[in-house]
Amino acid sequence: MSHSKFTSPGSPGLDTGDIDASDLAKPTGPLRRGWTTGACATAATKAAYTALETGQFPDPVDITLPGGKTAMFSLARHESANQTATAAVIKDAGDDPDVTHGALVIATVRTGKPGSGVTFKAGDGVGTVTKPGLPIPPGEPAINPVPRSMMQTAIAEVAQMTDATGDVEIEIAIPGGEALAAKTMNPRLGIIGGLSVLGTTGIVVPYSCAAWIHSIHRSVDVARATHISHIAGTTGSTSERAVQSLYGLPESALVEMGDFVGGFLKYARKHPVPHITIGGGFAKMTKLGQGFLDLHSRRGNVDFNWLSEQLTKAGAPDDLIASTAEANTAQQVLQDSARRNIPLGDVVAQAAFDTARHVVVGTDIAIDIVVFDRDGKIVGRAGSPVET
């Protein structure tokens, strides 16, 4: 296992990795920070190019992070032959639920044609961009701009030290990355064949969920770039399937926003599309109706007194209103209301619409809310639905 550490103090900012959406339960106690795929790729690249020019692999190898701090990485493997050098670092994502934690990040550096500068190649397990709207154009390896800049800086440092030209091809590989990418949003974003090499600071902040937000933003970008006029943000797989079936949306129109409805809508406010559908289960949409823009339980729970107030507005009988205040689950309230023919789903949908519409106020974005039960059946709607 590789070891890496800070060599200068400071508190880094947010970064992006590949969050595994199936494991977002934050543990208690201090959490250990980790390294992005981009930082690992940069360390491996610098070690490989140093060996290519000097014959020696530095181990550990130091790199400069975008914020100016220095980090050191031990090599997991290295080899060189015939104008090519390869070095690898094992990614340590700290305590973040990152699907690439423990992955081997390999950089192979080859001498390039004179004047070619630094070029990049996707190796085994690194994806290729196929759709417009991402920071990297179609046809290019899915190595984001900041990691590319970090690697270019590392190459320049070694070239200056060794009087080399800095004309190289860098091939980044992450063995097993294609299987890991299936757990991320890469396939939906049109990144095929593997993972993205990500990172904006080089450091992974545990449970920052920056990767998820990053993927939400890129999903909106791809939809806009491919001229999709109607996108849907959903809280889970059931609501996603139901919304897609309801409106016949292509996969590129589906934004897996999870609990981050605020992050989704705020980005869409600055990068608008004509129509947005928000779909989710009754409990999640109740929290949106209450005014929450982060729907995770750590941010707030369903307020049964609030639901009682909504039932009062809907003209529900007194006994239902009273029992709601003492209910155990939102699902129970929904079922009790349905038995009494009270359209609570529609009331909650309207409240959720009011919250969502406030986020994009001042834009021409049309919004509709669709509330589903656990089986994907519509139990409430509000806003401006697209005709199907």
Side-chain angles (χ1 to χ4, degrees), residues 14-19 35-46 63 65-66 91 98-100 103 105-110 112 116-156 166-175 177-178 180-204 210-228 231 251-256 267 270-271:
L14 296 179
D15 215 315
T16 54
D18 291 291
I19 295 292
W35 306 106
T36 63
T37 313
C40 296
T42 299
T45 293
K46 185 174 182 180
I63 65 169
L65 301 175
K91 178 174 176 176
D98 187 320
V99 298
T100 57
V105 181
I106 306 170
T108 298
V109 180
R110 303 180 181 90
S116 63
V118 177
T119 59
F120 295 92
K121 180 180 179 181
D124 177 37
V126 171
T128 298
V129 176
T130 66
K131 292 182 179 180
L134 297 174
I136 301 300
E140 281 288 308
I143 302 172
N144 270 21
V146 172
R148 288 181 183 234
S149 178
M150 291 172 66
M151 284 181 263
Q152 289 165 337
T153 297
I155 293 295
D167 297 320
V168 296
E169 177 191 76
I170 302 170
E171 178 181 333
I172 303 298
I174 307 174
E178 187 167 6
L180 291 176
K183 300 180 181 181
T184 74
M185 297 185 198
N186 273 15
R188 180 167 295 174
L189 294 174
I191 299 171
I192 63 170
L195 295 161
S196 300
V197 178
L198 302 172
T200 55
T201 68
I203 302 155
V204 173
W212 200 323
I213 297 295
H214 170 89
S215 294
I216 290 171
H217 294 177
R218 299 296 78 78
S219 294
V220 174
D221 291 343
V222 169
R224 283 165 47 86
T226 52
H227 309 293
I228 291 174
I231 63 176
E251 191 171 76
S252 295
L254 304 175
V255 180
E256 191 178 339
Y267 191 77
K270 296 179 180 178
H271 305 83

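- For the pair Thr226/Pro132, a side-chain contact is recorded, criterion being any heavy-atom separation below 4.5 Å from C-beta on.
- The OG atom of Ser252 sits 2.5 Å away from the NZ atom of Lys131 when rounded to the nearest 0.5 Å.
- Taking Glu171 as the reference, Arg110, Lys121 meet the salt bridge (Lys or Arg N to Asp or Glu O under 4.0 Å) condition, with sequence neighbours excluded.
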As a quick check of understanding, evaluate side chain to side chain contact (heavy atoms under 4.5 Å, CB included) for Leu65 and Trp35, giving each step before the final call.
CA-CA 10 Å; Leu65 301 175; Trp35 306 106; 3.9 Å; yes

Run the numbers on Thr45 and Val109 for side chain to side chain contact (heavy atoms under 4.5 Å, CB included), then give the verdict.
CA-CA 7 Å; Thr45 293; Val109 180; 4.2 Å; yes

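- Of all heavy-atom pairs between Ala223 and Ile231, the closest is CB-CG2, 3.6 Å.
- Summarising the geometry of Gly202 relative to Pro66, their closest heavy-atom pair is N-CD, 4.4 Å, with the distance given to 0.1 Å.
- Using modelled atom types, one side-chain atom of Thr130 and one backbone atom of Gly190 make a donor-acceptor pair closer than 3.5 Å.
- The distance from atom CD of Glu256 to atom CE of Met185, rounded to the nearest 0.5 Å, is 4.0 Å.
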Side chain to side chain contact (heavy atoms under 4.5 Å, CB included) evaluation trace for Ile174 with Thr100:
CA-CA 9 Å; Ile174 307 174; Thr100 57; 5.6 Å; no

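- Residues Ser215 and Thr184 have side chains not in contact (no heavy-atom distance under 4.5 Å, counting atoms from C-beta outward).
- Atoms CD and CG, on Glu251 and Leu189 in that order, are 10.0 Å from each other to the nearest 0.5 Å.
- Contact between Thr119 and Ser116 at its shortest, heavy atoms only, is CG2-O, 4.1 Å.
- For Arg148, the salt bridge (Lys or Arg N to Asp or Glu O under 4.0 Å) partners are Glu140, not counting sequence neighbours.
- Formation of a donor-acceptor pair under 3.5 Å by the Ser149 side chain with backbone atoms of Pro145 is not found in this model.
- Considering all non-hydrogen atoms of both residues, Gly199 and Pro147 come closest at O-CD, 3.4 Å.
- Put simply, CD1 on Ile170 and NZ on Lys46 are 13.0 Å apart, with the number rounded to the nearest 0.5 Å.
- For the side chain to side chain contact (heavy atoms under 4.5 Å, CB included) with Tyr267, the qualifying choice from Ile216, Val220, Ile213 is Val220, the only one to do so.
- At a cut-off of 3.5 Å, with distance as the only test, no side-chain donor of Ser196 or Asn144 sits close to an acceptor on the other residue.
- Looking at every heavy atom in both residues, Asp167 comes nearest to Gly117 through OD1-N, 2.9 Å.
- Side-chain atoms of Ile143 and Ile136, non-hydrogen and from C-beta on, never get closer than 4.5 Å to each other.
- Note that the OG1 atom of Thr108 and the CD1 atom of Ile172 stand 8.0 Å from one another [nearest 0.5 Å].
- The salt bridge (Lys or Arg N to Asp or Glu O under 4.0 Å) test applied to Asp221 returns Arg218, not counting sequence neighbours.
- When all heavy atoms of Pro141 and Ala122 are compared, the pair lying nearest together is CG-N, 3.6 Å.
- Between Ile63 and Met150, some side-chain heavy-atom pair lies under the 4.5 Å cut-off.
- Side-chain contact check for Val146 versus Thr36: every heavy-atom pair is 4.5 Å or farther apart.
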Apply the test side chain to side chain contact (heavy atoms under 4.5 Å, CB included) to residues Leu195 and Thr37: give CA-CA distance (whole Å), side-chain angles for both, the deciding distance (0.1 Å), then the verdict.
CA-CA 10 Å; Leu195 295 161; Thr37 313; over 6 Å; no

